[in-house]
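Structure first, then comments.
Below, chains carry the letters A, B, ... as their sequence lines are ordered, and counting in each starts from 1.
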2 protein chains.
Amino acid sequence: MNSDNPEHDKPGNSVKPTLGRKRNVTLKDVAAYAGVSKMTVSMILGGGPQSERFSPDTRLKVQNAASALKYHPSAVAQALTRRRMNTIGVVLSQQFTSLIDDPYICGLLDGAMAVNAAHGQNTTVFTGHVWRDATSSVPLFCDGRTDGLIMISPAIDSDFVQSLLEAELPFVLVHNEDRDPRVASVSIDNKTPMKELVQHVIHYGHTKIAFLGGFPQSRSGADRYAGYCEALALSGIPIDSRLVSSLGYHYDVGVSETQRLLSMPRDAAPTALICGCDKTALGAAKAVMNLGLRIPEDISMTGFDDIPDAALLAPGLTTVRLPMRQMGETAAILLLEQIERQEWTGRRERLPTELVLRGSVGPVQAR
Amino acid sequence: MNSDNPEHDKPGNSVKPTLGRKRNVTLKDVAAYAGVSKMTVSMILGGGPQSERFSPDTRLKVQNAASALKYHPSAVAQALTRRRMNTIGVVLSQQFTSLIDDPYICGLLDGAMAVNAAHGQNTTVFTGHVWRDATSSVPLFCDGRTDGLIMISPAIDSDFVQSLLEAELPFVLVHNEDRDPRVASVSIDNKTPMKELVQHVIHYGHTKIAFLGGFPQSRSGADRYAGYCEALALSGIPIDSRLVSSLGYHYDVGVSETQRLLSMPRDAAPTALICGCDKTALGAAKAVMNLGLRIPEDISMTGFDDIPDAALLAPGLTTVRLPMRQMGETAAILLLEQIERQEWTGRRERLPTELVLRGSVGPVQAR
DNA sequence: TGAGTGTAGTTTATCGGTACAATAGTGGTA
DNA sequence: TACCACTATTGTACCGATAAACTACACTCA
């Protein structure tokens with residue numbers, strides 16, 4: 001039996017999906033199976049108030065057809081007409097090529113994904129692997145694949161921000177702010193808590209206080225250093241440049257810098273280490289242990305971030321808790337708001353941090 | 001001046017993108033600006049051999065038009081015709097609602113994303129937040145949003161696998177295998193390394209060896225337990241059910257179970273703890289420390305996974321290193337292969353693990 | 001002179017949906 | 001009986017790209 005005109009087939013004729021090919025069941029197939037028009041199927045399956053307008057009989061027919069054929073609407077085709085992909089992009093800076101050693105990023109991602117999911121949005125992650133340099137990546141982000149971006153990056157150049165504004169792609173900066181009043185962002189105050197942390201250390205009698213900071217060109221690096229300086233200044237302690245380094249937030253930096261600092265002559269060596277972040281502090285703690293010294297008896301130490309390991313260290317690390325999850329959540333909320341309202345809100349959220357005093361800071365030892 | 005017929009406008013007329021709306025620059029705009037047809041633009045900008053067929057003059061005109069208008073092709077529209085979204089989905093089981101305390105997952109994700117990126121594929125992550133139950137989620141995954149899935153889940157029900165097979169959506173199971181010969185997977189041998197680990201402990205003279213395992217219904221839980229049993233059997237040590245628990249891979253389980261075990265009467269209490277994973281071991285170590293006992297002098301301990309913290313513990317945790325990153329990479333490769341060839345390969349990769357002997361296992365103390 | 005062969009582009013149909021306007025059928029009313 | 005309102009459904013035109021077939025024109029060669 002040769003049927004050259006399959007379109008003519010009456011409903012009830014089982015539409016065999018061409019297996020082995022990438023041909024999916026479409027609206028048309030369902031319509032043919034149910035013996036109604038495409039639009040009828042679209043409106044009924046789309047739900048909402050307009051599906052009420054159809055007779056119960058037709059609705060049933062359509063629903064049966066859809067489930068008989070295992071019909072799933074194509075998100076891509078829907079995205080094309082609706083101009084919404086229901087996907088949020090999270091962009092990690094090139095520095096975070098690896099998630100694994102960054103609980104900080106994981107927390108953010110986690111919070112953002114939870115909120116996205118709650119709003120029916122998918123999450124696409126762009127790691128440093130994907131986008132080599134900012135300029136060439138604008139097309140990548142503006143191709144309609146995502147409805148908006150959460151940019152997690154300590155340093156974003158302003159040109160890039162301008163490109164996104166021009167492209168009218170909603171976005172939120174995390175851990176960064178921009179001059180432009182349209183730009184929404186989520187960040188924390190890095191300076192004040194660092195100041196308090198250092199004051200806490202000073203309170204214990206320390207005056208030779210080393211600082212193992214992040215890169216000065218990153219906002220957090222600069223601000224944390226500013227907090228350190230301010231605390232010292234308030235107590236009239238001069239800054240000793242030999243005790244200050246800005247080599248980035250790495251475990252290894254903590255190890256090597258601590259070795260260097262603790263091998264200084266007795267009268268110059270620091271009695272307290274202010275680490276730019278917890279990871280650095282963990283490295284520093286390792287180095288201290290290797291040297292056979294104890295925390296806080298021989299040397300005091302602080303971190304920043306409060307990653308899970310900070311509590312596991314013995315003694316626990318005195319540090320500043322960043323609301324990582326909450327930052328991710330907030331970023332997602334600010335972004336979804338902009339997408340919804342189709343306008344730049346320029347909202348800037350600054351979330352509170354919390355000093356976490358554990359046992360890694362103690363009085364200066366009278367050697 | 002009222003122009004009712006903008007289509008008629010001659011090239012050179014600057015096409016002003018309607019700002020404030022979500023109207024993007026399209027092929028048509030570029031074509032109009034350059035004074036050629038849509039197809040000409042599509043073929044020239046698409047590159048490849050066919051763009052050679054056009055005169056240098058036309059090519060230049062088109063390229064200038066594209067950059068003048070800042071044209072970016074719509075990934076969604078391309079996906080519709082090409083039937084390829086160039087996006088890989090990574091599905092995390094409901095158990096991993098949070099990334100943060102799971103370096104294991106982060107490693108996998110990381111490896112997979114790196115390979116995807118290298119092949120020009122984006123990565124979308126579906127967390128437990130997104131898909132509540134397997135059955136209802138099939139549509140979510142089959143909507144054309146992704147070209148294939150990497151399923152990271154210790155336990156996947158077979159119905160779900162069948163649904164994916166039916167839907168002809170390429171996928172790879174990680175940490176799991178399926179009966180169906182079409183299903184590709186990446187996993188490790190859990191039993192053998194666990195057996196070796198326990199034998200290592202037995203070698204040090206231990207006979208009262210506790211096991212803090214994962215859930216028996218998960219493959220890794222069952223296999224690791226089997227390895228434990230086999231090692232004991234080979235040495236003729238009977239299994240003491242009081243020393244065995246299967247409460248899942250959690251820090252807290254490590255803490256509470258260790259407290260329970262070490263408060264048993266002297267003659268029954270274990271002298272070694274085999275932890276189902278490193279996280280459990282970290283919890284166990286904490287409990288041991290709280291009890292004022294030392295590792296390995298008072299009690300020996302092993303982990304499984306080799307997460308970063310395992311090395312930071314003092315003494316370092318003897319454990320089994322899983323090639324997490326590599327598993328992610330391999331999964332991505334197997335998936336891309338299937339997508340490319342448009343067929344089920346059914347390849348099953350079993351990656352080698354490595355015993356990492358650090359200091360957490362020692363001889364039985366003669367108390 | 002006319003068929004044959006490139007070159008340089010264009011036209012048409014389609015991917016799988018949705019928005020909007022149009023239409024067939026039904027009964028009520030003046 | 002013509003007119004209207006109403007309900008249930010359908011047709012048409014896109015969304016923004018691509019594949020494939022097709023056209024116009026010049027240029028060669030028998």
Side-chain angles (χ1 to χ4, degrees), chain A residues 7 11 15 17-18 21-32 34-62 66 69 71-86 139 142-145 147, chain B residues 7 11 15 17-18 21-32 34-62 66 69 71-86 139 142-145 147:
Chain A
E7 293 300 327
V15 175
T18 34
R21 301 270 186 83
K22 284 308 295 169
R23 176 82 182 30
N24 284 320
V25 180
T26 85
L27 259 191
K28 212 161 111 184
D29 300 326
V30 179
V36 297
S37 77
K38 262 171 53 170
M39 275 318 297
T40 305
V41 179
S42 174
M43 295 178 111
I44 288 178
L45 296 183
Q50 46 194 0
S51 72
E52 308 283 314
R53 299 166 25 82
F54 289 88
S55 75
D57 183 43
T58 310
R59 268 188 274 172
L60 199 65
K61 254 193 319 193
V62 167
L69 300 179
Y71 167 73
H72 311 304
S74 154
V76 175
Q78 287 182 327
L80 190 59
T81 49
R82 295 189 183 154
R83 288 157 187 243
R84 276 288 296 277
M85 192 63 200
N86 290 326
C142 300
D143 61 5
R145 193 185 291 281
D147 301 329
Chain B
E7 292 300 326
V15 175
T18 34
R21 302 273 186 81
K22 283 308 298 168
R23 176 85 183 27
N24 285 319
V25 180
T26 83
L27 260 190
K28 210 161 111 185
D29 301 325
V30 179
V36 297
S37 77
K38 266 170 51 171
M39 273 320 292
T40 305
V41 179
S42 173
M43 293 176 115
I44 288 178
L45 295 183
Q50 45 193 1
S51 71
E52 307 283 315
R53 299 171 15 88
F54 291 88
S55 75
D57 183 43
T58 308
R59 267 188 274 174
L60 199 65
K61 255 194 321 195
V62 167
L69 299 179
Y71 167 74
H72 312 303
S74 154
V76 175
Q78 286 182 326
L80 189 60
T81 48
R82 295 188 183 153
R83 287 153 186 251
R84 274 290 294 278
M85 192 64 200
N86 289 328
C142 300
D143 62 5
R145 191 184 293 279
D147 300 328

Protein-nucleotides 23-26 of chain D N/O pairs closer than 3.5 Å?
none

Tabulate atom names and distances for all N/O pairs under 3.5 angstrom spanning the protein and nucleotides 4-6 of chain D.
none

Check: protein-nucleotides 18-23 of chain C nitrogen or oxygen pairs below 3.5 Å:
residue	atom	partner	partner atom	Å
C/dT18	OP1	A/Gln78	NE2	3.1
C/dT18	OP1	A/Arg82	NH2	3.1
C/dT18	OP2	A/Ser42	OG	2.4
C/dT18	O4'	A/Thr81	OG1	3.2

Contacts table for residues 37-48 of chain B: side-chain donor-acceptor under 3.5 angstrom, sequence neighbours left out:
residue	atom	partner	partner atom	Å
B/Ser37	OG	B/Thr40	N	3.4
B/Ser37	OG	B/Thr40	OG1	3.1

Quick one: side chains of residues 52-62 of chain B, donor-acceptor pairs under 3.5 Å with protein atoms, not counting sequence neighbours, listed by atom name and distance.
residue	atom	partner	partner atom	Å
B/Ser55	OG	B/Thr58	N	3.1
B/Ser55	OG	B/Thr58	OG1	2.8
B/Arg59	NE	B/Phe54	O	3.3
B/Arg59	NH2	B/Phe54	O	3.3

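Heavy-atom nearest nucleotides on DNA chain C were determined for A/His72 and for B/Glu52, and the one closer to the 5' end corresponds to B/Glu52.
Phosphate contact (OP1/OP2 of D/dC15, side-chain N/O of B/Thr26, threshold under 4.0 Å): absent. The phosphate of C/dG9 has OP1 or OP2 within less than 4.0 Å of a side-chain N or O from B/Thr58. Checking the phosphate oxygens (OP1, OP2) of C/dG9, no side-chain nitrogen or oxygen of B/Thr40 falls inside 4.0 Å.
End-to-end axis angle of the helix from C/dT1-D/dA30 to C/dA30-D/dT1, from C1' rotation axes over five pairs per end: 90° (rounded to 10 degrees).
Rounded to whole Å, the distance from CZ on B/Arg84 to C1' on D/dT18 is 15 Å. The CG atom of A/Asp57 sits 17 Å away from the P atom of C/dG25 (whole-angstrom rounding). Atom CG in A/Leu80 sits about 4 Å away from atom C1' in D/dC15, given to the nearest Å. Taking atom CZ of A/Arg83 as the reference point, atom P of D/dA17 lies 11 Å away to the nearest angstrom.
To the nearest 0.5 Å, atom CZ of residue B/Arg83 and atom CG of residue A/Asn24 are 7.0 Å apart. For the atom pair OG1 of A/Thr81 and CZ of A/Arg84, the computed distance is 12.5 Å after rounding to the nearest 0.5 Å.
Here A/Val36 lies in heavy-atom contact (under 4.0 Å) with sugar-phosphate atoms only.
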